[in-house]
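Everything on this sheet refers to the single structure shown next.
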Amino acid sequence: QPQGTSALVQRLRQRTLAQQPFPRMAPNACAEGACCSGKAGANGGFGSPLEAMKTGLREQILYTAVVLNQGRDGKGQAKGPDYLATVDVDPQSPTYSQVLHRLQMPTPGDELHHMGWNACSSCRDRPGAITHNYLVAPGLFSGNIHFIDVVTDPRIPQLHKTISAQELANKVGGGLPHTTHCAPTAILVSMMGSAPDSEGLLKPEGNGFVAIDPQSLEIMGRWEEGNEKPVSGNDFWYQPRHNVMVSSGFGDPECFTRCFNPAHVAEGKYSHELYIWDWSTHKLIQRLDCGEASIPLEVRFLHDPSKAEGYVTCALSGEIRRIFKRDDGTWDTTVAVQIPAVPVEGWALPQMPPLPTDLIISLDDRFLFVTNWLHGDVRMYDITVTSEPKLVGQVFIGGSLKKGGTVNRTDGVEQPEALAVKGVEIQGGAHMGQLSLDGKRLYITTSLFSSWDEQFYPGMIEKGNQMILLDVDIEAGGLTLNEDFLVDFGAEPFGPARGNEMRLPGGDCTSDIWM
């Protein structure tokens, strides 16, 4: 039976560093190699987002999850296990834009997706806490949670430990681990549903959050408390200063892990809600309706911890919604950006939604970047006025609307040319992004996850995908393709692969939370 949460809540409240010190690992390992994005304090991390932006070192390597898995039941077709790739992003290096190292996971079938840290800037003021020691890399389809040591030798990461899917299911009754965030007293990992039942079926009822001890890396129990539960699970972000955590739901895992069927939306199999949690009691206190057929995905708060607002992408409705706290203490959401669907022929539906997925906010909270996986473009918005984002940059890097494919626009608008970098045509559409600390470089990959990759971009399964770089104008706004940078995962030694989420050593814009 899953462990109860009442005792866990008390443990998290009462926990002190004297009782539970964080693991100390080679605190100077990154200093000599100067490979990290910058470690401002002896414990790592930064005191504020602006400190990170102004004093963080230029990134020299980054890590990306690389997928060989092929669908929920495709591990038998995979050419090997998924792996963590270390990529050289130092333009002065002779191996610039090359993969330096590949750390394979123990078995095929993981579907590495989102990654987080054992401890981030939210933990840096705790004596003895060394941040960004371990990357936490859940396998979405396998249910395993891997802990990867990136400090002992940052260029050659090593697997430290794995929590098995069986242990996750036995201890908390969950599966499909997705988003990881380091909190001050625990590592939190969202679960999108249950582990497979005796018939191999996945159910949304198992969704929630598992709390993992940041010292022992052992499961502590479920984080959530109370009888109110989300309908489904996906992403989340927290901000203790406002006593809040906001999470999203994707939908029924028996649907989304297979492929996308529009009929399932009409049947209510996909989510349209955001969930507001009381951070101190771990209880669900409010639900926000984003509209039928919206499918809220990635949640990001502004980095300034005094600001009680953030954004969420809504995949099917094409909205970027603003999340904010009202004067009465409740939370609300409104549409900040509406990205229109495009009328087409030669596609599954007469209207193609943009499918906005990832959100990245610059550390000074001035710019918001969004990826549209189906349309294929990356957009940059000025959010100086947070309720009225202003489009200041846009680049198409692939997608279903590019010329030469089977899809034609019927509204007379010219379609973008297929993008090639260093002679390699970019496969898929913009999905994951990672922004340098100074806000000047935006790295992009194009794989969502293998079931949907195969459905919408079958060529990406055959040819692999790519990582590209966009240069960012942080003065006036604007995006420009950097033609000197390309990582082609179609030319990998294990066969064509797909890069997904990226992490910068020492923390980045989508991992670290300030309090």
Side-chain angles (χ1 to χ4, degrees), residues 20-27 29-30 36 43-45 61-67 81-86 101-123 126 128-172 174-191 209-221 223 500-508 510-512:
Q20 298 285 348
F22 275 69
R24 301 187 64 87
M25 285 182 51
C30 276
C36 291
N43 296 348
I61 59 173
L62 65 71
Y63 305 113
T64 185
V66 183
V67 177
D82 297 347
Y83 55 96
L84 182 76
T86 305
H101 182 260
R102 299 166 184 88
L103 173 66
Q104 290 185 292
M105 299 300 104
T107 57
D110 270 318
E111 191 78 26
L112 296 183
H113 195 58
H114 286 346
M115 300 183 293
W117 296 103
N118 65 305
C120 69
S121 291
S122 66
C123 310
R126 301 186 65 184
I130 305 298
T131 71
H132 309 100
N133 286 342
Y134 300 112
L135 269 176
V136 185
L140 180 63
F141 288 169
S142 71
N144 300 322
I145 302 176
H146 306 291
F147 298 87
I148 301 169
D149 171 7
V150 297
V151 170
T152 300
D153 188 338
R155 291 174 179 263
I156 308 177
Q158 297 297 320
L159 184 65
H160 175 73
K161 176 182 178 176
T162 296
I163 293 175
S164 71
Q166 189 64 53
E167 181 180 356
L168 185 67
N170 290 344
K171 291 186 175 179
V172 298
L176 296 162
H178 186 261
T179 298
T180 298
H181 279 301
C182 47
T185 55
I187 302 165
L188 301 183
V189 181
S190 66
M191 299 175 290
F209 307 90
V210 59
I212 299 172
D213 189 294
Q215 177 189 17
S216 64
L217 305 181
E218 295 288 342
I219 291 175
M220 301 165 69
W223 177 87
N500 202 294
E501 184 163 60
M502 297 156 284
R503 286 274 166 252
L504 300 180
D508 51 57
T510 57
S511 67
D512 281 38

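Note: hydrogens, waters and symmetry copies are ignored here, and every other heavy atom, side chains too, is used.
- Partners of Q166 according to the side-chain hydrogen bond (donor to acceptor under 3.5 Å, both in side chains) rule, which considers only residues two or more places apart in sequence or in another chain, are N170.
- With N118 contributing its side chain and P214 its backbone, the two residues share no donor-acceptor pair below 3.5 Å.
- A distance-only check finds a donor-acceptor pair linking the side chain of S190 to the backbone of T179 [under 3.5 Å].
- By the ring pair (Phe, Tyr, Trp, His ring centres under 6.0 Å) test, H178 pairs with H113, H114, sequence neighbours left out.
- With sequence neighbours excluded, the residues satisfying side chain to side chain contact (heavy atoms under 4.5 Å, CB included) with S142 are D110, N144.
- Take D508 and apply the salt bridge (Lys or Arg N to Asp or Glu O under 4.0 Å) test, not counting sequence neighbours, and it matches R503.
- In this structure, Y63 contributes its side chain and P154 its backbone to a donor-acceptor pair below 3.5 Å.
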Take L176 and M191 through the side chain to side chain contact (heavy atoms under 4.5 Å, CB included) test and state the conclusion after the steps. CA-CA 5 Å; L176 296 162; M191 299 175 290; 5.8 Å; no
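- Partners of E167 according to the side chain to side chain contact (heavy atoms under 4.5 Å, CB included) rule, which considers only residues two or more places apart in sequence or in another chain, are I163, S164, K171, E218, I219.
- Just one residue in the list V151, V150, I61 forms a side chain to side chain contact (heavy atoms under 4.5 Å, CB included) with P505, and that residue is I61.
- Not counting sequence neighbours, E111 has no partner by the salt bridge (Lys or Arg N to Asp or Glu O under 4.0 Å) test.
- Taking the ring pair (Phe, Tyr, Trp, His ring centres under 6.0 Å) definition, one finds that H146 meets it with nothing, sequence neighbours left out.
- Checked against side-chain hydrogen bond (donor to acceptor under 3.5 Å, both in side chains), N500 has no partners two or more places apart in sequence or in another chain.
- Scanning for ring pair (Phe, Tyr, Trp, His ring centres under 6.0 Å) contacts around F147 gives an empty result, with sequence neighbours left out.
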